[in-house]
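The next block holds one structure in the form of structure tokens; read it before the comments.
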Amino acid sequence: MPIMSGESWKLYERGYHAVYREHEVNHCPGCGRTHWIIGRVSAECAFCTTALPLAEASMRSHNAPVIIQHKNRDSHAWAA
């Protein structure tokens, strides 16, 4: 499925793409159960360890680098 420049993206050509969707009942494609261990970018079935990417993580733009900042970055008082 090569995508040429100028060609519009056709989701129906992509095929089946299983993702974990927050606030929905997610059945594991491996065993059919619904108990998940949720991480930062993926969810893992608690029974058969099938891993799925998080839909929210997949939608994030990957063009810019990820910048991790400390929540107290403006505070100048450090414990001794």
Check: Is there a chain of hydrophobic side chains (I, L, V, M, F, W, Y, each step under 4.5 Å between heavy atoms) that links I38 to L52?
Finding: yes
Next item on the list: Taking all heavy atoms of G39 and all of L54, pick out the closest pair and write down the distance.
Entry: O-CD1, 3.5 Å
Distance-only check: which donor-acceptor pairs under 3.5 Å involve side-chain atoms of residues 23-33, not counting sequence neighbours?
residue	atom	partner	partner atom	Å
N26	OD1	R21	N	3.0
N26	ND2	R21	O	2.7
N26	ND2	E24	O	2.9
H27	ND1	G32	O	3.2

Margin query: Just verifying a value: how many Å separate F47 CZ and I37 CD1, rounded to the nearest 0.5 Å?
Written below: 9.5 Å
Checklist line | Qualifying residues under side chain to side chain contact (heavy atoms under 4.5 Å, CB included), relative to A51, sequence neighbours excluded | finding: none
Checklist line | Close side-chain approach of P53 and Y20, heavy atoms under 4.5 Å | finding: no
